[in-house]
Each structure stands twice: as C-alpha cells, then as structure tokens.
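Some notes on the structure that comes next.
Both backbone and side-chain heavy atoms feed into the values below; hydrogens, waters and symmetry mates do not. Lettering follows sequence order; numbering is per chain, from 1.
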Amino acid sequence: MKKTKMLKKNYEFNSVLKKGIYYGGSHIEAVIRTHSLDTNFLGIAISKKVGIAVIRNRIKRLIRENYRLLEAETKTGYSIIFLWKKKADPRRATFESIEKDMKTIFKKSGMV
RNA sequence: UAAGCAUUUUAGACAGUCGCGCAUAAAACUCGCAAGGGCUUAUGUGAGGAAAGUCCGGGCUCCAAAGAGCAAUGAUGCUGGAUAACGUCCAGUGAGGGAAACCUUAAGGAAAGUGCAACAGAAAAUAACAGCUAGAGUUUCUAGCAAUGGUGAAAAGGUAAGGUAAGAGCUUACCGCGAGUAUGGUGACAUGCUUGGUCAAUGUAAACCCCAUUUGGUGCAACGCCUAAAUAUAGGAAGGUUAAGACUGCUCGUCAUCUUCCUGAGUUGGUGGCUUGAGGUAUAUGGUAACAUAUAUCCUAGAUAAAUGACUGUCCACGACAGAACCCGGCUUAUAGAUUUGCUUAUGCA
RNA sequence: GGCCCGUUGGUCAAGGGGUUAAGACACCGCCCUUUCACGGCGGAAUCAUGGGUUCGAAUCCCGUACGGGUCA
C-alpha cells in the first residue's frame, strides 16, 4: 500500500469517527474524513462482539486485501475507517460481498 | 461377521500469479527537535492440538534476598512412587457400576466439642403412641415387655432355633460389627485365629470444627534503559535519632520522617525484557510404569491497530474446532474426517 | 494480556439447606361500574446450564455458557 498509512493511535481514530461522514453498505460500513495531505490513512476496527478471533482476523484480512486491490484507483487526501455492520452475519463474510460494498462506498464518497 | 472397551497418529496436498510480518545482506533516498523509524531489492523463515478457558503449579520481575517466630486465612486429604513443582501423572488398596474387556471414585476424623435433621411420627437421640402379658379392678390402675403395627430419607444389628405369662442378644448357631493377635506386604490393606451380647450412643465434616501437609503479595499493562518541551513540598546517596508512622494481626527486627550533598520522577515517543528452553528427535541402559541417566543430532514465529490472504488449475476423504502476544508443566472444555495397536462378548465355520 | 463480579415471572428484585419460591410495577382473565380509572380475586418461574455432595439444592462444591466491571 504505497500511498496509504495505517491509523494507530486512539486519538486518531476518535477524531475521524467524530468529524467524519458515515457511509453504509450491506456488510461493512465506513467513516471518511478529508484532509490536505498527499496520503491516505486507513483504519480497521472490528468489535470483540462480532465474534471470536478467527472471524475477526478474517474480516480484517478481507478488508485489507480488497483495499489493496482498489487502492490504485483512489484519490489521495482521505482518512477512512472500516467497521463491520452489527446486523450482518460475520460467518458469511466473503471476498465478493466486501468488494461490492467497498466499491459503492468509494463511489458515494467521491474517492474514485 | 456384529456389538463394544481402551489406545496411537494426523489435522487437506501440489503448482502458478499478486500481497503481508520478522531476520540477514546491499545501495541510495527520506521522516523526526531527539531517541529512533520508513521506503526498495534479494535470500531465508513464519500459529495450535487445543494457541481457547484462566482452573492449578513453576520460572522470571518488583515490593527489604517478601527478614525471624506465633497466630489467622486459603488449599489439599486412601497408600507408595515420579517430578523443578502441583490440586498433575504412574503403580496399587478399598468402595460402587457393567455379562465382560473395562470404567467411576474430594476415599482422614462423628466416644474432642458445637450446630442442624423441615413435614409426618409416641419418640430424631439418655425411646414407648397403638399394643402384648400378669394381677387388681371395671369405660380404669399397678407391674413387666420392646417382638408386631403405623410415620419417615433415617427408628437402636439380620436370619433361624430354643426360651417365656408375654417378650427380649435372654441363650445358641451362622452372617455382620468391634477389640486383640499371627502371617504376608515398604504401605493402604488382605487372610487366618482368639475374643466381646455393656454389640447404648443414627446421619451430616462439598455445616462449623479437629488432625496431617502446605500457603507472603504482585503480575510483562511486571520491570530496566534512552528521549524533545515544560514543571513539582519530586527522586537518589551519606550521616544521625527514637515518640507518633510504615512493613502483616501480634512479638522481635528493619525502614523512614530530621540534617547535608547531588539531580531530575511521572506524563509523551522509542527501545530492551522477547525467545536456547526443567527444548525437540533418535538410540542405549535402569525401572512394572510415570520417569531418570548417557550419547548423537537439530534450532523451529516474536508482532505492538498486531503478520498466513486473494485469484487460477489438478486430486481426494470436499476440509471440524479454532489464531501465538513473557515462557514452561498440567487440568478443563471444543473438534469433521481419516488412522495404529491390543482386548471383551455373541454367533458361524475349520 | 491480567484481575474481579453477576445470572431468580416481561422488568426491578428478596430469599444463603426444609411445607405450594416473598414483594413491587407491567401483562392476561373474572368481579365491581352505564363505561373508563381506582379497588378486589386469580393466572403466569425448568431459580442461566451440565454434573456431584445430601434424605432433601435456587442455596453447598466442580465444570460450561452468557453478561458486566476494572488495570495504560
């Protein structure tokens, strides 16, 4: 991920979650905030209530892989945090469904 | 062949493209005030049998090498052994279950003391309601008795015979129970013999308790080092004293408040701790075994918003439970399919 | 990652070995009233779950599941 850095600190997450704009999909949700830097910032937050460690790890990997594949098409200057939708069944998380959600979120927010 | 019991191993495989963590090497570029970090390429390497639950034990860390003793608290509880240690494991004993292979078992003490035992029942622990027998007497009284009946989870050894007014360990035999003793065993205990009818005193200790063994707290978010900016009645070293204070409830003991000198805590960020260890594998020896010893050989994740994924092809049994976070030894719980070895019972055939 | 609590009608909860498991609010049915409200009577609990100890367990012991708190 050449033009993206990971969000790490708790205050970074909080600032994005408070001031960002919410976009929902059928499985994943995203909170996006714009800024003036030349890079993107990515954060993934999966609650412990979603499931056991194996399921949470799998969701994180699928989101990270999808973002990697779609990264080349995006513009810079965004901070984005992906969340898992509470009502969705975490055992049905697949590559295709997350890819579909992520594309619609990028279109809505104007990142593409 | 069928049903069953115990037990061993495994935990999709191979190939290609893209991508991720760590280590090593190489060269330049770059972020940060700093300590330090990032980017590129190549090579190597990269989750489990339970990594889980956090139920025990230990290493390691700091609290004063927890400093000594007593008490209290908690834990364990048949015997012997194994182990660094354990509540674990191995081998046995007793008890219970099963037709058997085999399985289960918190299994010390109830005449050291205290508590509790609802309802029912005469009585729930120094027994007498109904009743049985004898005598007096007449809707009862006196004396003897504890077999029979009912209640209850539990009612003061059981069965049979003798015995008696009626009965009763009252007497005898057998069984059970207690005591003593002999033999075997390291021991739990087993077997035999002798003896006890004063063999009255139920159950509960996963109720308090007694006995034996054992037990300080803290947990890698422990703890150490470096670091920009700003700052405190803050920290460190040496000396001295005993009243209150702290270290654990007490006794002792120690520390510390006081003086002098020195400098920089915590917060922020980075880094160490971090993986070579009571390690794995093979062979030999000792031991019934757990395990121990010796020799050879191997090095196998170390992250910090936290690495294993996506796509394609081939094969099959169509892939369960599930993701390291300081490290080991166990326990418990989850788990698709495949698989090793031994044994039991039933039926048939030879 | 460590440590510590809790789970009882729909909700809040008492009870810490013994008769049919208190109580309040809500809900349902009946009575009262012309009707509603108030009031009266009744109903509704696998004591989270699987074992064990005991004559007897919501209660004591062990395991499991779920929920919550706390430590930077």
Side-chain angles (χ1 to χ4, degrees):
Chain A
M1 289 185 272
K2 293 175 183 176
K3 55 186 181 182
T4 305
K5 289 184 176 178
M6 297 299 287
L7 290 174
K8 291 191 175 180
K9 291 297 156 191
N10 202 25
Y11 59 83
E12 297 173 346
F13 272 77
N14 282 334
S15 68
V16 174
L17 288 171
K18 280 180 185 173
K19 298 182 180 175
I21 306 166
Y22 168 88
Y23 299 93
S26 62
H27 289 81
I28 58 170
E29 320 170 310
V31 178
I32 299 179
R33 187 191 181 192
T34 55
H35 55 75
S36 57
L37 295 173
D38 197 27
T39 54
N40 283 346
F41 289 97
L42 173 67
I44 305 169
I46 310 295
S47 164
K48 214 170 184 179
K49 290 181 182 176
V50 171
I52 54 177
V54 170
I55 291 171
R56 281 184 274 130
N57 272 341
R58 175 151 181 84
I59 291 169
K60 274 194 263 182
R61 283 165 188 162
L62 289 171
I63 291 174
R64 205 180 292 124
E65 178 67 15
N66 268 303
Y67 183 86
R68 187 179 68 82
L69 294 172
L70 296 172
E71 189 194 18
E73 307 170 6
T74 56
K75 303 171 186 171
T76 57
Y78 294 91
S79 290
I80 179 162
I81 293 178
F82 285 107
L83 305 166
W84 182 252
K85 206 166 186 178
K86 281 182 185 175
K87 293 178 181 175
D89 184 4
R91 287 186 183 268
R92 288 188 181 176
T94 57
F95 184 78
E96 289 81 12
S97 63
I98 288 174
E99 185 186 24
K100 202 178 174 185
D101 276 6
M102 198 175 283
K103 278 183 177 173
T104 56
I105 287 166
F106 284 167
K107 266 189 185 176
K108 278 184 191 173
S109 62
M111 276 177 73
V112 179

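- Under the Watson-Crick or G-U wobble criterion, with both distances below 3.5 Å, B/G150 has no partner in any strand shown.
- Distance noted for atom C1' between B/U198 and B/A168: 16 Å (whole Å).
- For B/G108 and B/U213, the C1' atoms lie 12 Å apart once the distance is rounded to whole Å.
- Listed here is the closest heavy atom pair of A/D101 and A/H27: OD2-N, 2.6 Å.
- Across B/C119 and B/G152, the matching C1' atoms stand 9 Å from one another, rounded to whole Å.
- In this structure, the side chains of A/F82 and A/N66 stay at 4.5 Å or more apart for every pair of heavy atoms.
- Among the atoms of the strands shown, only primed sugar atoms or phosphate atoms (P, OP1, OP2) are found under 4.0 Å from some heavy atom of A/R58.
- Applying the side chain to side chain contact (heavy atoms under 4.5 Å, CB included) test between A/I80 and each of A/F106, A/F41, A/Y23 identifies A/F106 as the sole match.
- If A/L62 and A/I52 are placed on RNA chain B by their nearest nucleotide, the residue sitting closer to the 5' end is A/L62.
- Pairing partner, B/A72: none, since no Watson-Crick or wobble contact has both distances short of 3.5 Å.
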Item to check | Derivation and outcome, side chain to side chain contact (heavy atoms under 4.5 Å, CB included), residues A/F95 and A/L69 | outcome: CA-CA 12 Å; A/F95 184 78; A/L69 294 172; 3.6 Å; yes
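- The residue A/E99 sits apart from the nucleic acid: no heavy atom pair falls under 4.0 Å.
- Here the side chain of A/K85 pairs no donor or acceptor atom with the backbone of A/S26 at under 3.5 angstrom.
- In this structure, B/C258 forms a base pair with B/G239, meeting either the Watson-Crick or the G-U wobble geometry with both donor-acceptor distances under 3.5 Å.
- Across all strands shown, B/C211 is found opposite B/G77 as a Watson-Crick or G-U wobble partner, with both distances under 3.5 Å.
- Classification of B/G58 as anti follows from a glycosidic angle more than 90° from 0.
- Rounded to a whole Å, the CD1 atom of A/I59 is 17 Å from the C1' atom of B/U308.
- Atom P of nucleotide B/A52 and atom CD1 of A/I55 are separated by 17 Å, given to the nearest angstrom.
- A 3.5 Å limit on both hydrogen-bonding distances identifies B/G158 as the Watson-Crick or G-U partner of B/C174.
- A pairwise comparison of heavy atoms in A/G110 and A/K75 identifies O-NZ, 3.6 Å as the closest pair.
- Note that NZ of A/K60 is 7.0 Å distant from CZ of A/R56, once rounded to the nearest 0.5 Å.
- To the nearest 0.5 Å, atoms CD (A/E29) and CD1 (A/I81) are separated by 12.0 Å.
- Between the C1' atom of B/A310 and the CE atom of A/M102 lies a distance of 13 Å, rounded to the nearest Å.
- Taking atom C1' on both B/U268 and B/C247, the two are 34 Å apart, rounded to the nearest angstrom.
- For the residue pair A/I63 and A/I28, the shortest heavy atom distance occurs at CD1-CG2, 4.2 Å.
- The nucleotide B/U339 finds no pairing partner, because no Watson-Crick or G-U wobble arrangement with both distances shorter than 3.5 Å includes it.
- The shortest side-chain heavy-atom distance between A/I105 and A/M102 does not fall under the 4.5 Å cut-off.
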Nucleotide N/O of nucleotides 304-307 of chain B paired with protein N/O under 3.5 Å:
{"residue": "B/A305", "atom": "O2'", "partner": "A/L7", "partner atom": "O", "Å": "2.7"}
{"residue": "B/A305", "atom": "N7", "partner": "A/K8", "partner atom": "O", "Å": "2.6"}
{"residue": "B/A305", "atom": "N6", "partner": "A/N10", "partner atom": "OD1", "Å": "3.1"}
{"residue": "B/A306", "atom": "OP2", "partner": "A/R64", "partner atom": "NH2", "Å": "3.2"}

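- A/I63 has its CD1 atom 18 Å from the P atom of B/C20, to the nearest Å.
- Base orientation of B/A146: anti, since the glycosidic angle falls outside 90° of 0.
- For C/G52, the glycosidic angle deviates from 0 by more than 90°, giving an anti base.
- The base-pairing partner of B/A134, taking Watson-Crick or G-U wobble contacts with both distances under 3.5 Å, is B/U142.
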Next on the checklist: As a check on the pairing definition, encode RNA chain C in dot-bracket form, counting Watson-Crick and G-U wobble pairs whose two distances are under 3.5 Å, and using | for partners outside this strand.
Outcome noted: ((((((((.[[[..)..(....]]].(((((.......)))))....[[[[[..)....]]]]]))))))).
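- Separation of the P atoms belonging to C/G1 and B/G59 is 24 Å when rounded to the nearest angstrom.
- Separation of the P atoms belonging to B/G21 and B/G37 is 16 Å when rounded to the nearest angstrom.
- B/A303 and B/A325: their P atoms are spaced 14 Å apart (whole Å).
- Using a 4.0 Å heavy-atom distance criterion, A/L69 is classed as making no nucleic acid contact.
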Next on the checklist: Under the criterion salt bridge (charged side-chain N to carboxylate O under 4.0 Å, His left out), I'd like the reasoning laid out for A/R68 against A/E65: C-alpha separation, chi angles, the key distance, then a yes or no.
Outcome noted: CA-CA 5 Å; A/R68 187 179 68 82; A/E65 178 67 15; 2.8 Å; yes
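- Because its glycosidic torsion is within 90° of 0, B/U300 is reported here as syn.
- The glycosidic torsion of C/G42 lies more than 90° away from 0, which places this base in the anti conformation.
- Comparing the C1' positions of B/G67 and B/U254 gives a spacing of 8 Å, expressed to the nearest Å.
- In this entry the distance linking CD of A/E65 with P of B/U17 reads 16 Å, nearest Å.
- When both distances must be under 3.5 Å, the Watson-Crick or G-U wobble mate of B/A50 does not exist.
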